[in-house]
Amino acid sequence: MATQKPSIPKGTRDFSPQEMVRRNYIFDTIRSVYKKYGYLPIETPAMENTETLMGKYGEEGDRLIFRILNSANYLSDFKNDEEIIAAKNAGFGAFTNKISEKALRYDLTVPFARYVVMNQNEITFPFKRYQIQPVWRADRPQKGRYREFYQCDADVIGSNSLLNEVELVQIIDEVFAVLKVSVEIKINNRKILAGIAEYVNEKDRFMDIVIAIDKYEKIGDKIYSELKEKGFSDEVVSKLQKFMSLAVEVQELYKEGKGKSALIKLMDVFESVPIGKKGVEEIYQIFSYLSQIYIDKDPKEIPNLILDMSLARGLNYYTGAIFEVKALAGSLKSSICGGGRYDDLTGIFGLPNLSGVGISFGADRIYDVLNELNLYPEEVSASTKLLFVTFSEADQEYCLSILQQVRKAGIAAELYPDAVKMQKQMKYADAKGIPFVAIVGENERKENVVMLKNMKTGEQEKVAITGLIEKIA
RNA sequence: GUGGAUGUAGCUCAGUUGGUUAGAGCAUCAGAUUGUGGUUCUGAGGGUCGCCGGUUCGAGCCCGGUCUUCCACCCCA
């Protein structure tokens, strides 16, 4: 039989033991913070019905959803070739929907909304849940961009209070504090963006305006010429220009700690644009809650939350606050955490007037950042603490009960399963980074001890079985 | 989805205008060392030069296609 060269699909990865230990460190950190704030875990299937996902993420999002071909004969719905051709001609989307009824989940928020609607009678609101599972996107892979990656979501649904936004900011801050990654948390509000579109009298072309604003940080004043190319009038562009310079001014004031006066200035501009004004008020409220929480605190302990009115990213379903988190050190420029408030995600599934807000940590990107900056605590790499090495089967048998006692004391220990050359056994301990080795031969057996060696210092001493556990614990 | 770069041993990379049997370092394995790893010395294994086709007496090298990885756009964790 011809052998085939093994490979894995584009944009996916295997994780070796060392990587898994490190990834679990990230998951465990996030999970423990979520638990501390009272969030409960759920899981949902890897695949959803296509119609559950389609249309929730915008046009671009739909394109990036991984479709699952119907099992068995996926053309069985068609009676003959003519019907197939007719379906194809009716449009690619229609044809795909006919042969693919399921799709891999694109994020955790939409499946969560679906879950909430389906389980609304069992759920006590406000419902705080966390969910750590992989998602899939048929994107073109790049650095920090994968086709399969883990999201770690926390959402509160069934509460309009801005205290939830504040709590999520605290969670973000706490997680990255534990992971020792310094970050900036950018916040904006979709209502402000909507307000801008209204302010320049281009309510109907909201998305074009938003995309331009989002690009401001990257290409600066070029956005104005791009907008003109797209057919926006000089009047609109100059009005936007005026607003953007105000946005920059506001951000400067914010950095100087004069956020309050900056926001009041903004509210003036939005005097005749209620939705924009509402957005600014929400931001104002979030900041004042935070100052309440961190009153009398060292500035270093206060979350690095920055208002950035050019922040427009995030999925289509966001309606209120939006968040984006970036690492301040390292080469990864893309966001490692994002989120926002969505007012009517459950409405599509038949449960209107239920507002939710959530965040999502991108575990894979956080892993890349931690790796580059080498931010893992030392304990993370160590697994086994003690290895028994022996010379004979009799030695091995002698070790068995000791091994059992050590494990019972909660110490990770193993016995090298073959009585091979000691050099080989020692190399194994070294390669695995095991800090202690118990050498057992005829002498040790006679004296009812083990020769305990500290692999780091090279020191070794005879230790009685009773004292072994204390010695290495 | 659009544009660009890349691919040689497990890893990082050499490889001349196309010319015998494709190399190095690290890693692996064995030995030096029958009770001691991380240092040292000796030796060994390991390759369809991403894959398919073409040009040529002859291709790792030239041409076409394809896949992978990476970069920019788009979008996003």
Side-chain angles (χ1 to χ4, degrees), chain A residues 2-13 16 26 30 57-65 92 106-109 132-153 172 207 210-211 214-215 218-219 226 311-316 318 322-327 331-340 358-369 387 389-392 395 416 419-445 450-460:
Chain A
T3 57
Q4 58 183 53
K5 196 174 186 176
S7 65
I8 54 175
K10 184 202 283 209
T12 66
R13 296 152 301 156
S16 298
I26 295 169
I30 294 169
Y57 309 104
E59 208 179 308
E60 183 72 12
D62 279 359
R63 219 192 66 214
L64 297 178
I65 291 172
F92 183 70
Y106 179 88
D107 74 349
L108 300 178
T109 310
I132 298 175
Q133 286 190 282
V135 303
W136 294 268
R137 293 182 188 177
D139 212 345
R140 210 182 257 205
Q142 282 181 34
K143 192 170 208 75
R145 176 177 292 195
Y146 308 100
R147 290 185 138 187
E148 178 186 60
F149 60 96
Y150 271 75
Q151 290 197 328
C152 313
D153 276 39
I172 294 169
M207 274 318 286
V210 163
I211 287 166
D214 181 42
K215 280 168 103 171
K218 216 170 191 176
I219 62 171
E226 278 192 10
L311 171 64
R313 297 180 161 225
L315 281 344
N316 249 10
Y318 292 131
I322 45 180
F323 302 104
E324 181 178 85
V325 182
K326 283 181 179 170
S331 62
L332 191 71
K333 293 282 174 286
S334 25
S335 64
I336 52 178
C337 180
I359 50 166
S360 181
F361 290 89
D364 301 77
R365 286 183 177 174
I366 295 171
Y367 173 81
D368 289 344
V369 170
L387 175 75
V389 310
T390 62
F391 300 93
S392 68
D395 300 338
Y416 196 91
V420 292
K421 271 206 314 197
M422 183 168 225
Q423 185 177 220
K424 189 162 168 102
Q425 300 187 56
M426 293 299 285
K427 271 192 172 171
Y428 175 85
D430 196 54
K432 259 185 112 167
I434 298 171
F436 293 100
V437 167
I439 302 164
V440 173
E442 222 180 322
N443 302 336
E444 285 78 11
R445 267 193 290 147
V450 302
M451 183 66 82
L452 182 68
K453 174 164 179 151
N454 182 322
M455 293 294 278
K456 207 166 184 178
T457 63
E459 288 163 7
Q460 59 184 50

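The chains referred to below are lettered A, B, ... by the order of the sequence lines, with proteins before strands, and numbering in each begins at 1.
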Return the nearest nucleotide to the side chain of Gln142(A); candidates are C73(B), C75(B), G1(B).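 The answer is C73(B).
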Looking only at the side chain of Arg63(A) (C-beta and beyond, no hydrogens), which of the listed nucleotides G35(B), G1(B), A77(B) gets closest?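 Closest nucleotide among those given: G1(B).
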For the [atom1] atoms, the ones on [N] and on [M], what distance do you get once it is rounded to whole angstrom?
N: G15(B); M: G53(B); atom1: P; result: 28 Å
N: A72(B); M: A9(B); atom1: C1'; result: 33 Å
N: A24(B); M: G46(B); atom1: P; result: 14 Å
N: A14(B); M: C73(B); atom1: C1'; result: 35 Å
N: U8(B); M: G50(B); atom1: P; result: 6 Å
N: U42(B); M: A27(B); atom1: P; result: 14 Å
N: A5(B); M: C41(B); atom1: C1'; result: 43 Å
N: U55(B); M: C63(B); atom1: P; result: 15 Å

Integer-rounded Å distance: [N] [atom2] and [X] [atom1]:
X: Met422(A); N: G35(B); atom1: CE; atom2: C1'; value: 5 Å
X: Asp430(A); N: U39(B); atom1: CG; atom2: C1'; value: 11 Å
X: Arg137(A); N: C74(B); atom1: CZ; atom2: P; value: 17 Å
X: Arg140(A); N: C70(B); atom1: CZ; atom2: P; value: 12 Å
X: Asp368(A); N: C70(B); atom1: CG; atom2: C1'; value: 14 Å
X: Lys424(A); N: G31(B); atom1: NZ; atom2: P; value: 9 Å
X: Lys427(A); N: C29(B); atom1: NZ; atom2: C1'; value: 9 Å
X: Phe391(A); N: U36(B); atom1: CZ; atom2: P; value: 7 Å

With no hydrogens and no angle check, is any side-chain donor or acceptor of [X] less than 3.5 Å from a backbone partner on [Y]?
X: Arg445(A); Y: Val440(A); answer: no
X: Asp364(A); Y: Gly144(A); answer: no
X: Gln425(A); Y: Thr390(A); answer: yes
X: Asp395(A); Y: Ser392(A); answer: yes
X: Arg147(A); Y: Asp139(A); answer: yes
X: Arg137(A); Y: Tyr106(A); answer: yes

For [X], answer base if it contacts any base atom (sugar-phosphate contacts may also be present), sugar-phosphate if it contacts only those atoms, and nothing otherwise; contact means non-hydrogen atoms under 4.0 Å.
X: Ile439(A); value: base
X: Lys218(A); value: sugar-phosphate
X: Asn443(A); value: base
X: Tyr57(A); value: nothing
X: Ile211(A); value: sugar-phosphate
X: Asp139(A); value: base
X: Gly458(A); value: base

So, does Lys421(A) get its side chain near the phosphate of G31(B), meaning an N or O under 4.0 Å from OP1 or OP2?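 Affirmative; the distance criterion is met.
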Taking OP1 and OP2 of U36(B), is either one under 4.0 Å from a side-chain nitrogen or oxygen of Lys453(A)?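 For U36(B), neither OP1 nor OP2 has a side-chain N or O of Lys453(A) closer than 4.0 Å.
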Please work out whether the ring planes of Tyr416(A) and Tyr428(A) are parallel, tilted or perpendicular, with thresholds of 30° and 60°.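 Answer is perpendicular, since the angle exceeds 60°.
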Classify the side chain of Gln460(A) and the base of U36(B) as holding, or not holding, a donor-acceptor pair under 3.5 Å.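 Answer is yes: a donor-acceptor pair is held.
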Please determine whether any donor N or O and acceptor N or O are separated by less than 3.5 Å between the side chain of Glu444(A) and the base of G35(B).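 Yes, the side chain and the base share a sub-3.5 Å donor-acceptor pair.
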Would you please enumerate the stems RNA chain B participates in, each stem being three or more consecutive Watson-Crick or G-U wobble pairs with both distances under 3.5 Å?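 Listed by first number, the stems are B:1-5 with B:69-73, B:10-13 with B:23-26, B:28-32 with B:40-44, B:50-54 with B:62-66.
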Distance check, rounded to the nearest 0.5 Å: [X] atom [atom1] versus [Y] atom [atom2]?
X: Ile65(A); Y: Arg63(A); atom1: CD1; atom2: CZ; answer: 11.5 Å
X: Leu387(A); Y: Met426(A); atom1: CG; atom2: CE; answer: 8.5 Å
X: Cys337(A); Y: Glu324(A); atom1: SG; atom2: CD; answer: 9.5 Å

Closest nucleotide of RNA chain B for Gly144(A) versus for Lys215(A): which of these residues is on the 5' side?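 Of the two residues, Lys215(A) wins.
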Between Ala431(A) and Pro141(A), which residue's closest nucleotide on RNA chain B lies nearer the 5′ terminus?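 The residue closer to the strand's 5' end, by nearest nucleotide, is Ala431(A).
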